[in-house]
Protein chains: 2
Amino acid sequence: MSYEKLRKRANAMAGNPRNGTRPTLQGMPDQAYRAIREQILTGRFALGSAISRRRLAAELGMSMIPVSEAIQRLAQEGLIESKPQVGTRIRIPTEADIRDRFIIREALESQAARLFSERAGMAERRELRERAAELDGLYQVRYANPDDATLVFKVNTAHVQLHMRISEYSGSVALCQLIESNDVLFYNWMFDLVGEQPPVPSQFHSDLVAAISSTDPLGADAAMRAHVRYNMEATIQNMRKIGAQAESSWRLGRGKPANTNGQALTHSR
Amino acid sequence: MSYEKLRKRANAMAGNPRNGTRPTLQGMPDQAYRAIREQILTGRFALGSAISRRRLAAELGMSMIPVSEAIQRLAQEGLIESKPQVGTRIRIPTEADIRDRFIIREALESQAARLFSERAGMAERRELRERAAELDGLYQVRYANPDDATLVFKVNTAHVQLHMRISEYSGSVALCQLIESNDVLFYNWMFDLVGEQPPVPSQFHSDLVAAISSTDPLGADAAMRAHVRYNMEATIQNMRKIGAQAESSWRLGRGKPANTNGQALTHSR
DNA sequence: ACTTTGATACTGTTATGACAGAAGACAAAA
DNA sequence: TTTTGTCTTCTGTCATAACAGTATCAAAGT
C-alpha cells in the first residue's frame, strides 16, 4: 500500500474533519438531528415554543446548513413546523392530526404484528412475553404512586421499546424505520398531553403479546388494531381534558429567547 | 398605506426573488424536487445512472443548496442514494428492497381500503367503479397491441391514479401523503423492470373495487392485500427475468456526463 | 504483464455573508 | 385612547466559494 494511502487512512482514523480538530462523527446533520430530537423529547422545548436555527447552530458549534437539514427532516416527520420567513416551532397537534397519525400507526403496527406472528422465532416470542409482563407490572407500580413523575417517563420508555421490538422482529427494516419515525410523535405527545391517564387493564400488554405470538396472522392483526385504537381514544380524551390551548398564531416573543435555561416551564418531566 | 410597503408589495407582485428578475414560485427546493422527480419518472435518468448536483443546479438556474434539499427528500423516499464524498445516483432496488416496499404498501393501502369502505359516499364509489372498468379495458387493449410502448405508459398512469383516488377518498390526508410518496417507487420500477408482463385477470380491478365498495372493512382489507400481493409476485418475477444487473459499484463514468441529451438509452418508454 | 504512484477532475459538504420578508417597538397623529 | 407609519431586529432562504475525500487515468516503477 502506498504512503499516500497510509497517510490518508491514518488521517481519517485520527479524526480530522475539516480544519483539524473535531471528528465529524457520522455527519454533522445527523449529529444535529439527534441533538435537536433529543432536546424536544426531553422537554427542553415545550409544545409550540419557537426555535431559532441560528441559536441552535451556535450551540451545536456548526453552521446553519446542517441544522437546517436536520430541521427539514424533523419537519417531514411532523415534529416541527416552519414558515418561510417567520420562524420554526414545535408543532402543536390538532385532534385531526392525532387521529390521522393513529390511523397510520394502526396500519403499520398491525402489519408488523402479522409478520411477527408468521416469522418470529421462539426466543423472540419469549422475550416479548417477558417485556410485556414487566411493562404491565410497571403500570401497576405507577398507579400505586401517582405522584412520582419519573415513573411516567419509565413507563413510556418501556412501552415504546416493546412496540419497537415487535417491529424489529417483523423482519422488514423499511417497515421498522417507518414505524420508528412515526412513533416519535406519540412519544412526544404522551409527555405534553399527559393528564391523569385513564387506567389500563392489568394484563393489557401481556394479552396483546399472547395474541401476537399465536400463529394466526389475522388474530395478531386484530389484537394490535384494538390495542392501538384503545390508545387513540385515551390520548384524545386526555387532550380534550387538558384543553385546547393550541394557539395557532406565531407569537415568537422577541425579548426572551424562548427557553434558554435548562428546564421547560409547562412540563412535568 | 406607506410608500415603503407599496414598494415592497409592488416588488413582490412584479416577481423579485433575489436579484431582480425571476419569481420564486412556491420555494425553490419544491421546484427542484418536482423537476428532478419528473425527470426520473419520465426516464431522463436510467436506473443506476449518476446525477450531479452541480449540473442540476446549473440546469435549473439555482444554487446547489435547494438542489441538495430536494435530493435529500428524494433520498428519504428511496428514489435516490448518495454517498458522502462520492456521488449521487438513482437507486437500484434489490429483491429485498422490493419486498420491503410491498410490505409497506400492503399495510398502507389495505388501511385505505378499510377506511374507504366505511366512509366513502355513493358518488365516490361509482366513480371508482367507472375508473376500474376503464382500466381493465385498457389492459385488454394493451394485450391486443403488445408493441405499442405508449400503452404501457397509459396503463401505468391509470393504475396509479386509481390507487391514489382510493387513498384520497379514505379521508386521511396523512395516509394519502404516505401512500403517494411510497408509490412513486413502484411507478419508477414499473418502467425500468418492465418485461413481458404476465397477463392480469380481465376483471382484476373491477373485482377489487367491488370488494372495496362493500360495507365490510375486513373484506375490503383482504381484497386489497390480495391485489397488492399479486402485484408483488408479478414485479419480482419480472425483475428476475430481466436479470440481476444491479452493479453495486459506484462507477461514475468520468468523461461522459451520464446522459445529458433528452433520452435514456436503456429505456423502452 | 502487473503494480504502484502521482496528477487531476470530479464528488458532496459546509462556513460565510448578503438578502427579502415579517413582526414587535415606539413615537406621532387622529 | 386608538390608530398609523416607520424603524429595528428577528426570521428563513440562498448564492458563493473554499474544503476534503474519492475515482479515474496516465506514466513510471517493478
Side-chain angles (χ1 to χ4, degrees), chain A residues 1-9 11-12 15-20 22-24 26-32 50-58 60-72 75 80-89 249-258, chain B residues 1-9 11-12 15-20 22-24 26-32 50-58 60-72 75 80-89 249-258:
Chain A
M1 177 174 294
S2 74
Y3 288 98
E4 183 65 17
K5 285 190 179 175
L6 273 179
R7 184 188 66 79
K8 285 187 179 177
R9 174 166 298 187
N11 210 347
N16 175 338
R18 185 63 157 252
N19 40 24
R22 193 183 59 261
T24 181
Q26 189 63 21
M28 305 178 66
D30 271 14
Q31 191 178 332
I51 61 184
S52 161
R53 286 160 140 90
R54 287 174 218 272
R55 193 174 351 258
L56 270 170
L60 297 174
M62 59 182 75
S63 164
M64 289 177 58
I65 295 200
V67 172
S68 289
E69 187 175 324
I71 284 182
Q72 186 205 341
I80 276 178
E81 62 184 345
S82 175
K83 256 176 103 173
Q85 244 84 9
V86 178
T88 306
R89 66 172 190 179
S249 83
W250 276 87
R251 317 196 128 268
L252 296 188
R254 173 146 81 177
K256 298 166 231 166
Chain B
M1 178 173 295
S2 73
Y3 287 99
E4 184 64 16
K5 284 191 179 177
L6 272 179
R7 184 186 66 79
K8 286 186 179 177
R9 174 166 297 187
N11 213 345
N16 177 336
R18 187 61 159 253
N19 41 24
R22 195 182 58 259
T24 181
Q26 187 63 23
M28 305 179 67
D30 271 14
Q31 192 178 332
I51 60 183
S52 162
R53 288 160 138 91
R54 287 172 218 272
R55 194 177 348 262
L56 270 169
L60 297 174
M62 60 182 73
S63 164
M64 290 177 57
I65 296 200
V67 172
S68 290
E69 186 175 326
I71 283 182
Q72 187 206 342
I80 276 178
E81 63 183 345
S82 176
K83 254 176 105 175
Q85 244 85 10
V86 178
T88 306
R89 67 172 189 179
S249 83
W250 277 86
R251 314 196 129 267
L252 296 188
R254 172 144 83 177
K256 297 168 230 166

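Chain letters run A, B, ... following the sequence lines, proteins first and then strands; every chain starts at 1.
- Note: CZ (Arg89(B)) to P (dG12(C)) measures 13 Å, nearest angstrom.
- Separating the CG atom of Asp30(B) from the P atom of dT13(D) is a distance of 11 Å, rounded to the nearest angstrom.
- Straight-line distance from the CD1 atom of Ile71(B) to the C1' atom of dG12(C): 10 Å, rounded to whole Å.
- Listed candidates were dA15(D), dA15(C), dT13(D). Nearest to the side chain of Ser63(B) is dA15(D).
- Residue whose closest nucleotide on DNA chain C sits further toward the 5' end, between Arg54(A) and Arg54(B): Arg54(B).
- Residue Arg53(B) places at least one side-chain N or O closer than 4.0 Å to OP1 or OP2 of dT13(C).
- Taking atom CD of Gln72(B) as the reference point, atom P of dT14(C) lies 11 Å away to the nearest angstrom.
- Pro29(A) pairs by the side-chain contact (heavy atoms from CB on, under 4.5 Å) definition with Pro66(A), Glu69(A), not counting sequence neighbours.
- In this structure, Leu56(A) places its CG atom 16 Å from P of dC10(D), rounding to the nearest Å.
- Rounded to whole Å, the distance from CD on Glu69(A) to P on dC14(D) is 15 Å.
- dC10(C) atom C1' lies 15 Å from atom CD1 of Ile51(B), rounded to whole Å.
- Between Ala50(B) and Arg89(B), the shortest heavy-atom contact is CA-CB, 3.8 Å.
- With dA15(C), dG12(C), dT11(D) as the candidates, the nucleotide lying closest to the side chain of Met62(A) is dA15(C).
- Out of dA20(D), dA20(C), dA23(C), the shortest distance to the side chain of Gln85(B) is found at dA20(D).
- At dG12(D), one or more side-chain N or O atoms of Thr88(A) fall inside 4.0 Å of OP1 or OP2 (strictly under the cut-off).
- When each of dT14(C), dT11(C), dA22(C) is scored by its nearest atom to the side-chain atoms of Met28(A), the top-ranked nucleotide is dT14(C).
- To the nearest 0.5 angstrom, Thr88(A) atom OG1 is 11.5 Å from Lys83(A) atom NZ.
- Among the nucleotides dT11(C), dA22(C), dG12(D), the one closest to the side chain of Ser82(A) is dG12(D).
- Where Ile65(A) and Pro84(A) meet DNA chain D, the nucleotide closest to each residue was compared, and Pro84(A) sits on the side nearer the 5' end.
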Verdict with supporting geometry, Leu60(B) and Gln31(B), side-chain contact (heavy atoms from CB on, under 4.5 Å): CA-CA 9 Å; Leu60(B) 297 174; Gln31(B) 192 178 332; over 6 Å; no
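- Annotation: side-chain hydrogen bond (donor to acceptor under 3.5 Å, both in side chains) contacts of Ser68(B) (sequence neighbours excluded): Arg53(B).
- Following rounding to the nearest Å, Met64(B) (CE) and dA15(D) (P) show an atom-to-atom distance of 11 Å.
- Residue Pro66(B) has its side chain nearest to dC14(D) when only dA23(D), dT14(C), dC14(D) are considered.
- At the heavy-atom level, Ser52(B) lies under 4.0 Å from the strands shown only through sugar-phosphate atoms.
- Checked against dC14(D), dG12(C), dT13(D), the side chain of Pro29(B) finds its nearest nucleotide in dC14(D).
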